[in-house]
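Along the sequence shown, residues carry numbers from 1. Each ligand, and each atom within it, is numbered from 1 in the order the structure gives.
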Amino acid sequence: MGPIAVFGAGSWGTTFAKVLADAGSEVTLWARRASVAESITTSRTNPDYLPGVELPATLKSTSDPRVALAGASAVVLAVPSQSLRHNLTAWRGLIDPSVTLISLAKGVELGTLARMSQVVVEVLGVPENQVAVVSGPNLAKEIAAEQPTAAVIACTDHDRAVRVQQACTTGYFRPYTITDVVGAELGGACKNVIALSCGMAGGLGFGDNTLATLITRGLAETARLGVALGADPMTFAGLAGLGDLVATCSSPLSRNRTFGERLGRGETVRQAQDAAHGQVAEGVKSCSSIRDLAMRHGVEMPITEVVHRVCHDGFDPREMAADLIGRKTKPER
Ligand SMILES: NC(=O)c1ccc[n+]([C@@H]2O[C@H](COP(=O)([O-])OP(=O)(O)OC[C@H]3O[C@@H](n4cnc5c(N)ncnc54)[C@H](O)[C@@H]3O)[C@@H](O)[C@H]2O)c1
Ligand SMILES: O=P(O)(O)OC[C@H](O)CO
């Protein structure tokens with residue numbers, strides 16, 4: 001794979017750019033703010049998002065999309081889900097129609113209920129086999145510290161997935177390939193919502209049984225939605241399903257879990273948002289689009305429903321347990 005442009009210099013965009021550069025790829029990282037690009041170029045740091053992490057000397061950075069895209073054979077999209085369409089529309093005329101598009105975002109678009117790869121296909125007019133998705137238990141700060149982890153590269157074109165895999169394999173980052181893009185994207189989007197519920201449970205003082213119950217039943221409702229949308233159920237037992245769910249629901253590094261914890265401790269959505277300092281907790285918006293997607297397909301997602309009500313309808317997290325536990329009893333499957 002030739003030069004790679006990474007769009008979005010937040011926690012994950014910067015970290016994934018480092019992974020690609022460490023794997024030997026030629027990488028240019030586009031930052032929205034010129035000061036961030038300047039800092040990466042001159043001091044090899046991104047103090048706003050990855051304080052204390054030294055970035056590779058080979059990593060270039062710019063705030064000019066044309067410079068980032070010059071000669072690029074692949075474009076990595078690392079902006080928040082709800083702004084992807086807007087950003088892509090602005091960059092559309094600049095992106096070579098033959099490049100590989102690599103989506104890092106974990107969300108479902110509000111209103112259209114589109115997955116991120118569907119937004120890419122729609123806005124850029126490229127075939128779906130040109131879009132790859134990276135997902136898995138990938139907390140940016142741990143990977144930036146070169147702690148070992150695995151991920152999946154999902155693309156309906158297996159050979160393209162292998163090329164992306166080769167471009168990002170390092171001594172600390174081990175990507176596997178799969179062809180189930182639907183499953184990879186839904187696993188990544190839904191686990192943010194389940195992590196909010198786990199955070200709320202933690203904030204309310206509940207322990208590990210509650211955590212494990214939410215993780216397991218969260219996986220069940222995610223898989224139910226996935227199967228309804230054509231995903232391979234086995235994807236949810238893999239890195240983009242269980243792997244990401246466990247990491248996000250358990251880690252204090254997760255923005256979604258932390259956000260939920262604040263709500264569980266009694267903070268308002270506004271207070272939790274202010275405390276996030278502009279860092280995106282995707283589940284706060286995706287809980288609504290995923291709930292709508294589930295309703296459209298007649299799929300029951302009770303945890304997602306409750307998270308939506310807490311985040312958007314003023315429902316008190318203290319009522320969450322009674323609401324979920326008090327539902328009509330039924331078989332596990
Ligand atoms: N941080 C992680 O550990 C991690 C891991 C895997 C996947 N992800 C996913 O990657 C995506 C990006 O997450 P992140 O952690 O880098 O987020 P972040 O909040 O750290 O950074 C977001 C980046 O996008 C930019 N941005 C924000 N709004 C924008 C807009 N309207 N237009 C253009 N740029 C905008 C910000 O300036 C910033 O550079 C999310 O979908 C997230 O779920 C994150
Ligand atoms: O910090 P979060 O909650 O956005 O989660 C980060 C990653 O998606 C974990 O894989």
Side-chain angles (χ1 to χ4, degrees), residues 6-19 29-37 39-40 46-51 53 61 63 65 68 76-91 102-109 115-117 119 133-145 147 149-153 168 173 175 184-185 187-199 239-262 272-273 276-287 289:
V6 178
F7 277 74
S11 316
W12 188 217
T14 306
T15 300
F16 195 68
K18 169 177 156 51
V19 170
L29 176 58
W30 173 85
R32 195 160 54 142
R33 283 175 289 150
S35 59
V36 173
S39 166
I40 293 169
N46 184 346
D48 286 356
Y49 288 98
L50 288 179
V53 174
S61 189
S63 58
V76 177
L77 302 163
V79 293
S81 305
Q82 306 305 331
S83 61
L84 180 63
R85 183 180 295 274
H86 174 76
N87 286 131
L88 269 185
T89 304
W91 301 325
I102 304 170
S103 168
L104 303 190
K106 293 176 175 174
V108 170
E109 193 176 46
R115 291 176 283 105
M116 294 299 104
S117 66
V119 173
V133 167
V134 179
S135 197
N138 296 157
L139 294 151
K141 282 198 172 67
E142 292 185 4
I143 297 176
Q147 294 183 22
T149 193
V152 288
I153 314 294
C168 64
F173 190 77
E185 289 194 303
C190 292
K191 64 85 192 179
N192 287 331
V193 180
I194 305 305
L196 282 167
S197 76
C198 292
L239 292 159
L242 184 63
D244 200 3
L245 189 63
V246 169
T248 312
C249 291
S250 321
S251 176
L253 291 178
S254 159
R255 283 93 39 104
N256 287 285
R257 195 202 134 96
T258 303
F259 196 105
E261 222 171 301
R262 288 182 173 278
Q273 255 153 2
H277 300 298
Q279 295 240 356
V280 68
E282 292 274 24
V284 178
K285 287 185 176 159
S286 283
C287 63
S289 44

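- Annotation: atom 31 (N) of ligand 1 to nearest protein heavy atom, Ser83 CB, 3.3 Å.
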Contact table ligand 2 N or O to protein N or O, d under 3.5 Å:
residue	atom	partner	partner atom	Å
ligand 2	1 (O)	Arg255	N	2.8
ligand 2	1 (O)	Arg255	NE	2.6
ligand 2	3 (O)	Ser254	OG	2.7
ligand 2	3 (O)	Arg255	N	3.2
ligand 2	3 (O)	Asn256	N	3.0
ligand 2	3 (O)	Asn256	ND2	2.7
ligand 2	4 (O)	Arg255	NE	3.3
ligand 2	4 (O)	Arg255	NH2	3.0
ligand 2	4 (O)	Asn256	ND2	3.3
ligand 2	5 (O)	Lys191	NZ	3.3
ligand 2	8 (O)	Lys106	NZ	3.0
ligand 2	8 (O)	Lys191	NZ	2.6
ligand 2	10 (O)	Lys106	NZ	3.0
ligand 2	10 (O)	Gly136	O	3.1
ligand 2	10 (O)	Asn138	N	3.0
ligand 2	10 (O)	Asp244	OD1	2.6

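- A donor-acceptor contact closer than 3.5 angstrom links the side chains of Thr14 and Asn46.
- Glu185 contributes a side-chain N or O that, together with a main-chain N or O of Ser117, makes up a donor-acceptor pair within less than 3.5 Å.
- Using a 4.5 Å cut-off on side-chain heavy atoms (C-beta onward), Lys285 and Pro80 make no contact.
- Ala78 O, 3.7 Å is the protein heavy atom nearest to atom 12 (C) of ligand 1.
- Under the side chain to side chain donor-acceptor pair (under 3.5 Å) criterion, Ser254 pairs with no residue, sequence neighbours left out.
- Within the structure, ligand 1 has Gly13 among the residues with a heavy atom less than 4.0 angstrom away.
- Considering each of Arg255, Gln279, Arg33, Glu282, the one bringing a non-hydrogen atom nearest atom 15 (O) of ligand 1 is Arg255.
- Classified by interplanar angle (parallel below 30°, tilted 30° to 60°, perpendicular above 60°), the ring pair Trp30/Phe7 is parallel.
- The nearest protein atom to atom 7 (C) of ligand 1, hydrogens excluded, is given as Trp12 CD1, 3.1 Å; this is a heavy-atom distance.
- Looking at Leu50 and Lys18, their side chains never come closer than 4.5 Å, going by heavy atoms from C-beta outward.
- For atom 33 (C) of ligand 1, the candidate residues are Val36, Asn87, Leu139; the nearest heavy-atom contact is made by Asn87.
- Protein heavy atom in closest approach to atom 21 (O) of ligand 1: Gly10 CA, 3.2 Å.
- Inter-residue side-chain proximity for Met116 and Glu109 is flagged as met; some heavy-atom pair is nearer than 4.5 Å.
- Looking only at protein heavy atoms, the nearest one to atom 5 (C) of ligand 1 is Asn138 O, 3.0 Å.
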